[in-house]
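The block underneath contains the structure these notes are about, expressed in structure tokens.
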Amino acid sequence: GGGGGGGGGGGYGMDGGMYGSSGGGRVPLSPPEGAAVVPLVSEAGASTMSFAPGQHLTPQQQQHFVAGAALTGLRRTGQSSRHDAFFMSETLRQDIANKRAAAFLTANPADERQAEVEGMVVGSYHSFVHLDDEARPKRSRAPNTLFKATSDRDGEAYALRLVDGVATSDETLAFGQFWTTMHHPHIVRLHELFNDHASGSAATWFVYDFYADAVTLEHAYFVRRTVHPSEETLWNHALQLLSAMHAVHLAGAAVRSLDAARVILTEKHTVRISSAGLLDVTRPEASHKQLAQLQSGDVLALGRLLLCLTCASPAAAAHNAINKSMAYVCASFSSDWQHLLLLLLSPPSQGGGPTIHDAVALVSGRMMTRVSQTQCMVDALQAELGKELENGRLLRLLAKLQYVKERQTLGEDTAWGAHGDRYLLRLFGESVFQQIDEEGRPVLDFAQLVDGLTKLDVGYDGKVLLSSATEGTLLLVAYKDLKTALDRSFEEVAALAVDAAGD
């Protein structure tokens, strides 16, 4: 598996003529007359989908959302409608919890390599854990190792790639500084890079965002084969990678390292280019090539990568296999997908090779569909976040209530808990949390609980009947008076706590 920096390894090294070229000319981009077009599942009904902020997707809309399944995590899980109104969906909550748990990844006790990094501190980073698969051979020219480490600055986990034995000057490091300013959702962010001479040997560190449970496309498609290369999935990958490359080229740079070992799958439907800036530092001599030449290499590398993923074979773009691979594509995939691959794999002609702008223009229709789908995703997640915002507000209210209503003494006042304000708050707590029905059975009405707490939080003008099962007391009290009593009581507790801290 891979972390934030992606898996190690170099490119496939596949050179040679590209399928579909004739005398070096550009391939035709319009579908041939009568060609069968296989529609994407994700596009069914997309043009008529309406979605208001805070609205839930229907099951039918979910089936056609962002490559077919990006919102499956937001589907209802059989809880009551009241539960759904106050909590995020259980599948989404579980997914987030799993990622947080994975972020606390610890070393495998059976990994003998951990003895080498035990207690190691590099700059502000500590608690190193190996992320590279020891069984997988590395194909990079510069020996490098990937770790997860924790930063002293913010306590967050980062992916650190160590390039060992390569002396880099400050001038060389400057080639990679561009990537610290490149922020894109489909590029693993490079936070910093620096030399470390503490060990006595030349070493360069690259610090990237860490993505728990991320795997390289090489691992997902060619090793474990956990991803099936359906056209829906391939389009999802292609649009994300095209978006990332378009941003890099517009910024006047080139990706330079794009293959299945350097693209990671961070969520079920999200890919990100990793190891950004690595070749700019380890192979700076290639940086002197003309920018157009480097960017043309990016386009070709993307075509090779997508062809290999389509055929589920790392050798599909090899010179002696490319014709057979494209024959398989033409027989199994839509003409739109064929034309995208043919464009990306086209050799340079007299007028220049295809650019990322040509590719983006070719898929512009699908890009527009994806923009609308992404906004639907944003709306849905904001609705889920809104629920947790309300929960956070109620948690703070409950904390204030618990800090004061059962406290019997405060400082030297041993009868503080018996004062009128605290008595009212205890009655409110009993009325909300200890209700019983006519037969003496406990009443668990979550909606009524939230309604009462919300009215207390805002100081509602209406009144509530407070009762005590043990004392037989009945009091009709306004919510705003209860709020005043709570605020006044909590301020007294907080003031004494501040004084104690000052002492």
Side-chain angles (χ1 to χ4, degrees), residues 1-9 11-12 40 42 65-73 95 99 102 131 146 159 161 179 182-190 208-249 255-278 298-314 316-317 337 340-341 344 356 359-360 363 366-367 369-371 373-374 377:
Y12 296 115
L40 288 183
S42 60
F65 193 89
V66 185
L71 268 186
T72 52
D95 183 58
K99 288 185 180 299
L131 293 178
L146 187 65
R161 185 172 293 281
W179 294 99
M182 173 55 69
H183 300 168
H184 191 278
H186 299 297
I187 299 175
V188 178
R189 182 182 175 186
L190 175 64
Y208 297 95
D209 276 338
F210 173 73
Y211 292 95
D213 285 341
V215 297
T216 63
L217 291 185
E218 179 185 50
H219 198 79
Y221 276 84
F222 309 141
V223 180
R224 287 191 178 180
R225 298 185 180 275
T226 54
V227 178
H228 175 68
S230 65
E231 182 160 346
E232 178 184 340
T233 300
L234 293 169
W235 272 113
N236 193 40
H237 293 348
L239 294 179
Q240 294 177 56
L241 294 174
L242 283 169
S243 173
M245 187 176 292
H246 183 258
V248 173
H249 287 194
V255 177
R256 295 189 59 193
S257 56
L258 187 66
D259 57 54
R262 290 198 174 119
V263 178
I264 60 174
L265 189 64
T266 57
E267 286 88 24
K268 187 175 181 181
H269 305 285
T270 305
V271 294
R272 305 176 200 268
I273 299 173
S274 70
S275 302
L278 185 63
D298 284 349
V299 174
L300 182 58
L302 177 58
R304 288 176 171 173
L305 170 60
L306 294 179
L307 181 59
C308 290
L309 298 181
T310 303
C311 299
S313 169
W337 186 248
L340 175 61
L341 291 181
L344 297 174
I356 191 63
V360 168
V363 300
R366 295 181 186 274
M367 281 286 193
T369 299
R370 182 173 179 81
V371 167
Q373 292 170 338
T374 301
M377 184 67 166

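We use all heavy atoms of the structure for the numbers below, so side chains are in, but hydrogens, waters and symmetry mates are not.
Smallest separation of non-hydrogen atoms from Arg161 and Leu278: CD-CD2, 4.0 Å. The two residues Met182 and Ala247 come nearest to each other via the heavy atoms CE-O, 3.9 Å. Contact between Trp179 and Ala276 at its shortest, heavy atoms only, is CE3-CB, 3.6 Å. Nearest heavy atom pair, residue Leu302 against residue Met245, reads CB-CE, 3.9 Å. The shortest heavy-atom contact between Ala244 and Ile273 is CB-CD1, 3.9 Å. Residues Ala359 and Leu340 approach most closely at CB-CD1, 4.5 Å, considering heavy atoms.
With a 4.5 Å cut-off on side-chain heavy atoms, Phe210 and Val188 do not count as touching. Side chains of His186 and Leu241 form no contact here, defined as non-hydrogen atoms less than 4.5 Å apart. Side-chain contact between Lys99 and Asp213 is absent, with no heavy atoms from C-beta onward closer than 4.5 Å. Side-chain contact between Arg224 and Val215: absent, with no pair of heavy atoms (C-beta onward) separated by less than 4.5 Å. Side-chain contact check for Leu217 versus Val271: some heavy-atom pair is nearer than 4.5 Å.
Atom NE2 in His269 sits 7.5 Å away from atom OG1 in Thr233 (nearest 0.5 Å). Tyr221 contributes atom OH, which lies 9.0 Å from atom CG of Leu305 (distance to the nearest 0.5 angstrom). For the atom pair CD (Glu218) and CD1 (Ile264), the distance works out to 13.5 Å, reported to the nearest 0.5 Å. Distance CG/Asn236 to CD/Glu231: 12.5 Å, rounded to 0.5 Å. Atoms CG and SG, from Asp259 and Cys308 in turn, are 9.5 Å apart once rounded to the nearest 0.5 Å. The structure places CG of Leu265 at 12.5 Å from OH of Tyr211, a figure rounded to the nearest 0.5 Å.
Ser243 contributes no side-chain N or O that, together with a main-chain N or O of Leu239, makes up a donor-acceptor pair within less than 3.5 Å. A donor-acceptor contact shorter than 3.5 Å is absent between the side chain of Thr216 and the backbone of Arg262.
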Residue pair Leu242, Met367: steps toward the side-chain contact (heavy atoms from CB on, under 4.5 Å) verdict: CA-CA 10 Å; Leu242 283 169; Met367 281 286 193; 4.0 Å; yes
side-chain contact (heavy atoms from CB on, under 4.5 Å) between Leu306 and Trp235, intermediate numbers included: CA-CA 9 Å; Leu306 294 179; Trp235 272 113; over 6 Å; no
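Ala301 is linked by a side-chain contact (heavy atoms from CB on, under 4.5 Å) to Leu258, counting only residues two or more places apart in sequence or in another chain. Residues satisfying the ring-ring contact (aromatic ring centres under 6.0 Å, His included) criterion with His249, sequence neighbours excluded, are absent altogether. With sequence neighbours left out, the side chain to side chain donor-acceptor pair (under 3.5 Å) criterion links Thr266 to Arg272. For His183, the side chain to side chain donor-acceptor pair (under 3.5 Å) criterion is met by Arg189, not counting sequence neighbours. By the side chain to side chain donor-acceptor pair (under 3.5 Å) test, Thr310 is found to be paired with Trp337, residues two or more places apart in sequence or in another chain being considered.
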